[in-house]
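Below is one structure, written out as structure tokens; the observations come after it.
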Number of protein chains: 2
Amino acid sequence: MTDSPIRVLLADDEVLLREAVMALLSLEDGIEIVGTAQDGRDAVALVARTRPDVAVLDLEMPRMDGVEAATAIRAAAPGTRVVLLTRHARPAILRRALNAGVSAFVTKATSVKELPSILRQVSRGGRYVDGTVAAAALSESDCPITNREIDVLRESLDGATVRVIAERTHLAPGTVRNYASTAMAKLGAATRVEAARIAWREGWI
Amino acid sequence: MTDSPIRVLLADDEVLLREAVMALLSLEDGIEIVGTAQDGRDAVALVARTRPDVAVLDLEMPRMDGVEAATAIRAAAPGTRVVLLTRHARPAILRRALNAGVSAFVTKATSVKELPSILRQVSRGGRYVDGTVAAAALSESDCPITNREIDVLRESLDGATVRVIAERTHLAPGTVRNYASTAMAKLGAATRVEAARIAWREGWI
DNA sequence: CCGATCCGCTGACAAATGTCATCGGGCAGG
DNA sequence: CCTGCCCGATGACATTTGTCAGCGGATCGG
């Protein structure tokens, strides 16, 4: 069959990575870069105008992160498939991404050489999930902590006071301490913050 | 003069960025990539073996960060100039880097197109500092906290207990609390951890 | 030499934190 | 229906943490 080139949009806030990847993809046969953006909001706007076949979005971007942008793009331009690019391979993010209608989940530990085939696969309607992340998500080192414990730990990450966490979660201070305590016990941490960082590292919050 | 190619080593833990930049630099006339590494330790070892003209080091790498690697490289291979690559443009890091004998300080917001000329400049013995970082460093939002306060805050980042911080810093627990307290006052934080995160954000630890 | 400043430590005290027992309501599964 | 689990909360308790005052020693600039 004759290939009409795959039209790709690339969004990443790191100029170096964005330009380098863009240059390499441009060299590839059958792939055409139709635009680049440096944050999620610009990416959504640019997708609306250029209607690319595939939008490659970094997860961590200013103003609007990759998952939010993916949600907006899926709603505004259903014909555009989304590839999410991320630095840290965390199962929780993968779940968020798949719920947002992302077609591929790629980490920055992926070789550039694999990108073109992933883009082609996705543009044909296929899906792709980074192997190590998939394994981690399936091996299901089951998140042992409960939803409210997650809420509390998330608000604990920056070292906030129990009182502040209570306000932010609309809970009583005592309740916050209870959830923090049970989470700490489950995670073997001596402190709210340590528990929060463990949960973060494991991709649970 | 006839150019013998500049021999470059590239160290970054992100495969995607490393390969993409490597590929583009390889296309450049007069630049030869003689090796890549994915952490600081490997980079130091590889520099010792291959003696490149320039080593491009990412700041954030596992096992040994870019500045530590730069120090080791300057000691072991004085003929190799070091270019430090960083995601976040923070004045404190710039100072650390320059003290470590780094020849160039480049952020990942730099265009790939500028890299070759920076590498050439450095290999000729020149220096280069990213403009925005230099400006920020000169505007000198002077770090208000003292050295031991920095030590304590750095160990506070992961939510460790005073007892643990005391052990890690070889200080008495009371002393740790005092330094934490003064730092918190200076930074307007309600918690050790919050102070630590503020100091981190500002590039002071 | 004399402050000034940072260092490291101690002791004391109020407040915050972590732990435990316990309660009631809601909701799912057997 | 009963059991179990999560939710949200309270009260009591020991520990930890943050704050303050003060101690000697080192170092540096005037």
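The structure presented is a predicted model; accordingly, all values stated were derived computationally and were not measured. The sequence lines fix the lettering, A, B, ..., with proteins before strands; numbering per chain opens at 1.
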Under 3.5 Å, sequence neighbours excluded: what are the donor-acceptor pairs made by side chains of residues 159-166 of chain B?
none

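Remark: C1' of C:dT10 and CG of B:Leu171 are 14 Å apart, rounded to the nearest angstrom. When the P atom of C:dC7 is taken as reference, atom CD1 of B:Ile145 falls 11 Å away, rounded to whole Å. The nearest whole Å value for the distance from the CG atom in A:Asp151 to the P atom in D:dC6 is 15 Å. Atom CD of B:Glu194 is separated from atom P of C:dT17 by 12 Å (rounded to the nearest Å). Atoms CD (B:Glu149) and P (C:dT5) sit 14 Å apart, rounded to a whole Å. Distance NZ (B:Lys186) to P (C:dT5): 12 Å, rounded to an integer number of Å.
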* Please step through side chain to side chain contact (heavy atoms under 4.5 Å, CB included) for the pair A:Asp42 and A:Arg63, ending with a clear verdict. => CA-CA 9 Å; A:Asp42 288 356; A:Arg63 301 215 295 169; 3.0 Å; yes
* In sequence, state the C-alpha distance, the side-chain angles, and the governing distance for B:Arg87 and B:Glu14, and then conclude on side chain to side chain contact (heavy atoms under 4.5 Å, CB included). => CA-CA 12 Å; B:Arg87 186 174 348 276; B:Glu14 273 178 21; 3.7 Å; yes
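We find the CZ-CG distance between A:Arg7 and A:Leu119 to be 14.0 Å, quoted to the nearest 0.5 Å.
Taking the side-chain contact (heavy atoms from CB on, under 4.5 Å) definition, one finds that B:Ala72 meets it with B:Val44, sequence neighbours left out.
Between D:dG8, D:dA9, C:dG8, one nucleotide has an atom nearer to the side chain of A:Tyr179 than all others, and that is D:dG8.
Of the listed residues (A:Arg18, A:Gln38, A:Lys108), just one forms a side-chain hydrogen bond (donor to acceptor under 3.5 Å, both in side chains) with A:Asp12, and that residue is A:Lys108.
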* Asked: How would nucleotides 14-19 of chain D be written as a contact map, 5' to 3', with B for base contact, S for sugar-phosphate-only contact and - for no contact, using protein heavy atoms under 4.0 Å?
  -> --SBBB
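OP1 and OP2 of C:dT5 both lie 4.0 Å or more from every side-chain N or O belonging to B:Thr146. Between B:Thr175 and the phosphate of C:dT10, there is no side-chain N or O to OP1/OP2 separation shorter than 4.0 Å.
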